[in-house]
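Here the structure is laid out as structure tokens; the discussion comes afterwards.
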Amino acid sequence: MIGVCLATAGLAAAVVTTSLPLPGFTLAWTHSIEKTRWEEDYRVLSTADGPRLQLTEARIHGSGAGMEPPPDAVLAGGVWHYRPPLAPLERLYLARSDYVADYSICWDGSCRGLAELAGPPATAPQVEIYACPPP
């Protein structure tokens with residue numbers, strides 16, 4: 001089954017992995033200064049180099065310091081939509097802190113906080129998201 005894995009590097013260097021049987025997901029967070037929501041849609045791909053994550057669309061709910069939309073972005077309903085021209089990624093590396101809003105992972109019309117899926121930032125300050133290798 002295709003899926004998304006989360007690896008958590010805790011303070012004691014332990015690694016805990018959570019597997020979600022998803023063909024894709026949205027990573028969402030709030031910009032720490034502008035307090036504006038960002039969203040990125042990812043799909044799991046099977047490539048010759050193994051499973052990868054493909055960023056298919058990004059959205060910024062506004063603009064401001066350090067968050068200008070690219071020139072090809074389209075404003076629709078107050079949200080900038082664009083397609084980042086990135087090659088498939090092996091992993092996403094997320095740094096987390098108790099001092100800013102945490103990430104959410106969304107699928108099937110609802111979102112779950114990363115703290116619920118991987119533990120709080122204090123015990124899991126780094127999370128890696130990657131396409132799970134086939135069994």
Side-chain angles (χ1 to χ4, degrees):
M1 165 55 107
I2 201 164
V4 176
C5 287
L6 295 112
T8 309
L11 297 177
V15 175
V16 177
T17 301
T18 301
S19 177
L20 303 169
L22 306 172
F25 64 95
T26 298
L27 180 65
W29 70 94
T30 300
H31 189 278
S32 62
I33 303 299
E34 296 291 338
K35 307 299 184 218
T36 301
R37 186 172 173 91
W38 286 57
E39 298 171 345
E40 294 178 342
D41 296 335
Y42 291 89
R43 303 294 307 156
V44 176
L45 297 178
S46 188
T47 73
D49 295 324
R52 297 287 187 263
L53 297 174
Q54 178 67 60
L55 177 56
T56 60
E57 183 183 13
R59 291 172 299 286
I60 306 172
H61 294 247
S63 62
M67 49 186 279
E68 295 78 17
D72 63 338
V74 174
L75 183 61
V79 179
W80 291 100
H81 297 256
Y82 62 100
R83 294 187 187 280
L86 296 176
L89 304 169
E90 186 174 348
R91 291 175 184 258
L92 296 173
Y93 298 93
L94 306 178
R96 303 167 67 214
S97 168
D98 285 327
Y99 300 103
V100 296
D102 204 4
Y103 295 91
S104 293
I105 296 180
C106 310
W107 70 93
D108 291 338
S110 65
C111 297
R112 293 175 67 185
L114 200 52
E116 180 183 346
L117 299 168
T123 59
Q126 299 172 352
V127 173
E128 296 178 21
I129 301 176
Y130 57 97
C132 298

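The heavy-atom pair separating Val44 from Gly3 by the smallest distance is CG2-O, 3.9 Å. Pairing each heavy atom of Cys106 with each of Arg37, the nearest pair is SG-NH2, 4.0 Å. Ala131 and Pro51 get closest at one heavy-atom pair: CB-CB, 3.5 Å. Minimum heavy-atom separation, Asp102 to Ala115: OD2-N, 3.3 Å. For the pair Pro88 and Leu45, the tightest heavy-atom approach, listed with the atom from each and the gap, is CG-CD1, 3.9 Å. Taking both residues in full, the closest heavy atoms of Ile60 and Pro69 are given as CD1-CA, 4.1 Å, listed atom of the first, atom of the second, then distance.
Leu20 has its side chain within reach of Trp107: a pair of non-hydrogen atoms, C-beta onward, lies under 4.5 Å apart. Looking only at side-chain heavy atoms (C-beta outward), Cys5 and Ser19 come within less than 4.5 Å of each other. Counting heavy atoms from C-beta outward, Trp29 and Val100 have side chains that stay 4.5 Å or more apart.
Residue Tyr42 forms a side-chain contact (heavy atoms from CB on, under 4.5 Å) with just one option from Val4, Leu27, Thr26, and that option is Leu27. Partner of Tyr103 under the side-chain contact (heavy atoms from CB on, under 4.5 Å) criterion, out of Thr30, Leu114, Leu92: Leu114 alone.
With values rounded to the nearest 0.5 angstrom, Ser104 atom OG is found 9.5 Å from Glu116 atom CD.
A continuous path of Ile, Leu, Val, Met, Phe, Trp and Tyr side chains, each step under 4.5 Å between heavy atoms, connects Leu94 with Leu6, placing both in one hydrophobic cluster.
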Could you list the donor-acceptor pairs under 3.5 angstrom formed between side-chain atoms of residues 52-59 and any protein atom two or more places apart in sequence or on another chain?
| from | atom 1 | to | atom 2 | distance (Å) |
| --- | --- | --- | --- | --- |
| Arg52 | NH1 | Asp49 | O | 3.3 |
| Arg52 | NH2 | Asp49 | O | 3.2 |
| Gln54 | NE2 | Leu86 | O | 3.0 |
| Thr56 | OG1 | Asp41 | O | 3.3 |
| Glu57 | OE1 | Arg59 | NH1 | 3.4 |
| Glu57 | OE2 | His81 | ND1 | 2.8 |
| Arg59 | NE | Glu39 | OE1 | 2.7 |
| Arg59 | NH1 | Asp41 | OD2 | 2.7 |
| Arg59 | NH2 | Glu39 | OE1 | 3.1 |
| Arg59 | NH2 | Asp41 | OD1 | 2.9 |
| Arg59 | NH2 | Asp41 | OD2 | 3.4 |

Going through the checks in order, is the side-chain contact (heavy atoms from CB on, under 4.5 Å) test met by Trp38 and His31? CA-CA 7 Å; Trp38 286 57; His31 189 278; 3.8 Å; yes

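Proximity of a side-chain donor or acceptor of Arg112 to a complementary backbone N or O of Leu117 within less than 3.5 Å is not detected.
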